[in-house]
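Heads up: the structure comes next, in structure tokens.
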Amino acid sequence: PIEQLRQIRIEKMNKLREQIDEIDNKIGLLLEKRTVLAKNLIKQKNEQGVPVEDKEREQSIISRVSETTHLPKKFIEDIYTIIFNHNKNA
């Protein structure tokens, strides 16, 4: 009985891990798409002589995304700061 309970717990954890893996794969693909779009936008901005960095737009994105989730705003800010910096330096 104890071994069966242990096995059931392991199976439940594995199912959760599978779901997390699926989400991680989707996040990776979406980040890749976002990066491609951001690089295209940066290229257009450079061609038009427009500054690449737009802090107002960045804050708008952070606020919008924060409002659509129950995650702490600081967490969203941290993630998007990394994303923004990666795209500007890529």
Item to check | Side-chain (S66) to main-chain (I62) donor-acceptor, under 3.5 angstrom | outcome: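 Checked: pair present.
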
Next on the checklist: Does this structure show an ion pair linking K74 with D78, if we count only N-O contacts that are shorter than 4.0 Å?
Outcome noted: yes

Checklist entry - With the threshold set at 4.0 Å, does a side-chain nitrogen-carboxylate oxygen contact exist between R6 and E11? => result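 No, R6 and E11 are not salt-bridged.
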
Next on the checklist: As a quick check of understanding, evaluate side-chain contact (heavy atoms from CB on, under 4.5 Å) for R17 and N14, giving each step before the final call.
Outcome noted: CA-CA 5 Å; R17 286 183 177 125; N14 286 337; 3.5 Å; yes

Next on the checklist: Test side-chain contact (heavy atoms from CB on, under 4.5 Å) on I8 and K12; report intermediate values, then the result.
Outcome noted: CA-CA 6 Å; I8 289 170; K12 285 182 179 180; 4.0 Å; yes

Item to check | CA sep, side-chain torsions, deciding dist, call: E58, T81, side-chain contact (heavy atoms from CB on, under 4.5 Å) | outcome: CA-CA 8 Å; E58 291 176 9; T81 298; over 6 Å; no

Does the side chain of [Y] come within less than 4.5 Å of [X]'s, by heavy atoms?
| X | Y | result |
| --- | --- | --- |
| K73 | S63 | yes |
| E53 | K55 | yes |
| R34 | L37 | no |
| F84 | I61 | yes |

Item to check | Test side chain to side chain contact (heavy atoms under 4.5 Å, CB included) applied to L41 and K43, K45, K39, the passing residue | outcome: K45

Item to check | Verdict with supporting geometry, E32 and L29, side-chain contact (heavy atoms from CB on, under 4.5 Å) | outcome: CA-CA 5 Å; E32 184 177 49; L29 291 171; 4.0 Å; yes

